Q: 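Structure incoming, see below.
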Amino acid sequence: MPEGDVVHRSARRLQLLVGERVEATSPHPRGLATGAAAAVDGRVLESVRAVGKHLLLRFEGGVVLRSHLRMRGRWRVTPRDAPVLGLPWLWLRGGEWQATQWNGPILALDTSPLARLGPDLLSEETAVDDVVRRLRREDPRRLVGEALLDQGVVAGIGNMWAAESLWRERVSPWAALEDLGDEELGRVLVWAKEAMRTAIDGPRPPRAAHRRAGRPCPRCGTAIVSRGLGEANRTAYWCPRCQGSGGGGI
């Protein structure tokens, strides 16, 4: 699942093409319809950076391409002569390396959505204390599991990292912000930040809660439960013993 760590890892891999004048094509019809390949073909790729779940590729002439992977999108970087099987949405070829973007779903020359983002948790400039203060500006009755997924509050955390960080710190996703101290919120964010940064360089840690409904909690053996949470009805996963019950009396 492409959350902040995956996007930052993609940005790191794409550095191999920075400084190259790229050939750009869009074999997939939906990718072709975005106009991305036509806008960047023949331009020098000047920089690649991740902002939350967004990947920004800046080309000469001030052209910026924004990629958002949603649930199934992927970037791959391979030697230029490696075979490409299938129809990528975008295909960038440099002198020695090539990058392909698969399954979209967002390739856009519009960067305006970035103005609505909160700080990227993985940025060196983002301090956990600042994110805690942003959470305190939210409705105090808001559920912490919902607030952590709000990209306007903090960018980069998705369902998996929210579930795992709350489980690690024994915090229920159903807890209201007003019922949690700054220290508790800080611990959740610190674990998420450190674990996500580690995952940029290597594998993610084994999941304890996410997508493990009905399986035993690694800490106490109680069955993990799941239920839709918040207005967006995103699925929360938690241990009712370690983290407390919630979600309408579960």
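These numbers come from a predicted model, not from an experiment.
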Q: Considering residues, nucleotides and ligands other than R187, do more than 12 of their heavy atoms fall under 6.0 Å from its CZ?
A: yes

Q: Which value, rounded to the nearest 0.5 Å, describes the distance between S47 atom OG and F59 atom CZ?
A: 9.5 Å

Q: Show, in sequence, the C-alpha distance, side-chain angles and deciding distance for R204 and M196, and conclude whether the side chain to side chain contact (heavy atoms under 4.5 Å, CB included) test is met.
A: CA-CA 8 Å; R204 288 174 168 178; M196 290 170 74; over 6 Å; no

Q: Is R93 close enough and on-axis enough to W91, meaning under 6.0 Å and within 45°, for cation-pi?
A: yes

Q: Report whether W97 and V44 are members of the same hydrophobic cluster (ILVMFWY, side-chain heavy atoms less than 4.5 Å apart, transitive linking).
A: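 No, because W97 and V44 fall into different hydrophobic clusters, even though each may have its own neighbours under 4.5 Å.
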
Q: Give a yes or no on whether the backbone of R215 and the side-chain of R212 come within a donor-acceptor separation of less than 3.5 Å.
A: no

Q: Working to the nearest 0.5 angstrom, can you tell me the gap between R30 CZ and L87 CG?
A: 12.5 Å

Q: Please confirm whether the backbone N or O of E125 pairs with a side-chain atom of S123, one donor and one acceptor, at under 3.5 Å?
A: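 Yes.
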
Q: Looking at T34 and G31, what are the two nearest heavy atoms and their distance?
A: OG1-O, 2.6 Å

Q: Would you say L189 and L135 make side-chain contact, with heavy atoms under 4.5 Å?
A: yes

Q: Please check if L107 and L109 belong to a single hydrophobic cluster, counting links between Ile, Leu, Val, Met, Phe, Trp and Tyr side chain heavy atoms closer than 4.5 Å.
A: yes

Q: Closest heavy-atom contact between A209 and I224?
A: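 Reported closest heavy-atom pair: O-CG2, 3.7 Å.
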
Q: Say you draw a straight line from CZ of R9 to CG of L122; how long is it, rounded to the nearest 0.5 Å?
A: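 These two atoms lie 11.0 Å from each other.
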
Q: Identify the heavy atoms of A155 and G118 that sit nearest to each other, and give their distance.
A: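 Closest approach of A155 to G118, heavy atoms only: CB-O, 3.7 Å.
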
Q: Check for a donor-acceptor pair, side chain of N103 on one end and backbone N or O of R72 on the other, with a separation under 3.5 Å.
A: yes

Q: Run R12 and I200 through side chain to side chain contact (heavy atoms under 4.5 Å, CB included) and show every step you take.
A: CA-CA 9 Å; R12 181 174 294 180; I200 294 173; 3.6 Å; yes

Q: Is R21 salt-bridged to E60, going by a charged N under 4.0 Å from an acidic O?
A: yes

Q: Under a 3.5 Å threshold, yes or no: a donor from one side chain and an acceptor from the other, between T100 and W102?
A: yes

Q: Using only atom types and a distance under 3.5 Å, with no angle test, would you say the side chain of R170 pairs donor to acceptor with the backbone of G244?
A: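 No: the side chain of R170 does not pair with the backbone of G244.
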
Q: Please test L69 against Q101 for side chain to side chain contact (heavy atoms under 4.5 Å, CB included), starting from the C-alpha separation and ending with a verdict.
A: CA-CA 9 Å; L69 301 175; Q101 199 279 327; 3.4 Å; yes

Q: With a 4.5 Å cut-off on side-chain heavy atoms, are L229 and R234 touching?
A: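 No - every pair of side-chain heavy atoms lies 4.5 Å or more apart.
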
Q: Quick one: does D182's side chain get under 4.5 Å of D129's, heavy atoms only?
A: no

Q: Would L57 end up clustered with V18 when hydrophobic side chains under 4.5 Å apart are linked, directly or stepwise?
A: yes

Q: So, Q151 side chain and I157 main chain: donor-acceptor pair closer than 3.5 Å or not?
A: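 Checking the backbone N and O of I157 against the side chain of Q151, a donor-acceptor pair under 3.5 Å is found.
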
Q: State, without any angle test, whether S67 and W75 hold a side-chain donor-acceptor pair at a distance under 3.5 Å.
A: yes

Q: Can you tell me if D41 uses its side chain to pair, donor with acceptor, with the backbone of A24 under 3.5 Å?
A: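 Pair found, side chain donor or acceptor close to backbone of A24.
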
Q: Is it true that E124 and R197 have a side-chain N and a carboxylate O under 4.0 angstrom from each other?
A: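 So E124 pairs with R197 through a salt bridge.
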
Q: Could you walk me through whether R227 and T235 pass the side chain to side chain contact (heavy atoms under 4.5 Å, CB included) test, one step at a time?
A: CA-CA 5 Å; R227 185 166 178 167; T235 304; over 6 Å; no

Q: Any side-chain heavy atom of R66 sitting closer than 4.5 Å to one from I106?
A: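 Yes; the side chains approach each other to less than 4.5 Å.
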
Q: Say whether, by atom type as modelled, one donor and one acceptor occur between the side chain of Q15 and the main chain of A11 under 3.5 angstrom.
A: yes

Q: Do D150 and R142 sit within salt-bridge range, that is, some charged N less than 4.0 Å from a carboxylate O?
A: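 Yes, this pair counts.
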
Q: Which pair of heavy atoms, one from A37 and one from T25, lies closest together, and at what distance?
A: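 So the minimum-distance heavy-atom pair works out to CB-C, 3.6 Å.
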
Q: With a 4.5 Å cut-off on side-chain heavy atoms, are R168 and V188 touching?
A: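 V188 vs R168: side chains apart.
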
Q: Provide the closest heavy-atom pair for P173 versus Q243 in the form atom of the first, atom of the second, distance.
A: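 Scanning both residues, the minimum pair turns out to be CD-NE2, 4.0 Å.
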
Q: If you measure from CD on E96 to OG1 on T78, what distance do you get to the nearest 0.5 Å?
A: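 Going from the CD atom of E96 to the OG1 atom of T78 covers 12.5 Å.
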
Q: Would L65 and L16 show up in the same hydrophobic cluster when neighbours are defined by side-chain heavy atoms closer than 4.5 Å?
A: yes

Q: Backbone N or O of G158 within a donor-acceptor pair of the E3 side chain at under 3.5 Å?
A: yes

Q: Using 30° and 60° as the class boundaries, would you call the ring planes of W161 and W191 parallel, tilted or perpendicular?
A: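 The rings of W161 and W191 sit tilted, inter-plane angle from 30° to 60°.
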
Q: With a 4.5 Å cut-off on side-chain heavy-atom distances among I, L, V, M, F, W and Y, is there a chain of contacts connecting V51 to L149?
A: no

Q: Please report the interatomic distance CH2(W238) to CG(L166), rounded to the nearest 0.5 Å.
A: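 CG of L166 is found 11.5 Å from CH2 of W238.
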
Q: Is any side-chain heavy atom of L177 closer than 4.5 Å to a side-chain heavy atom of L185?
A: yes

Q: Any luck finding a side-chain donor-acceptor pair between D120 and H8 under 3.5 Å?
A: yes

Q: As an exercise, state the distance from CG of L14 to CZ of R76, rounded to the nearest 0.5 Å.
A: 13.0 Å

Q: If you define the side chain from C-beta out and look only at heavy atoms, does anything of D130 sit under 4.5 Å from T126?
A: no

Q: Short question: side chain of K193, backbone of L121 - any donor-acceptor pair under 3.5 Å?
A: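 Yes; at least one donor-acceptor contact below 3.5 Å.
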
Q: Would you check if the side chain of S26 reaches a backbone N or O of H28 as a donor-acceptor pair within less than 3.5 Å?
A: no

Q: Indicate the atoms forming the closest heavy-atom contact of S226 with A213, along with that distance.
A: OG-CB, 3.6 Å

Q: Can you confirm whether T111 sits close enough to L114 that some side-chain heavy atom of one is under 4.5 Å from a side-chain heavy atom of the other?
A: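 In contact.
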
Q: Distance under 6.0 Å and angle within 45° of the ring axis: does R207 meet both against W167?
A: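 The answer is no; the distance or angle limit is not met.
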
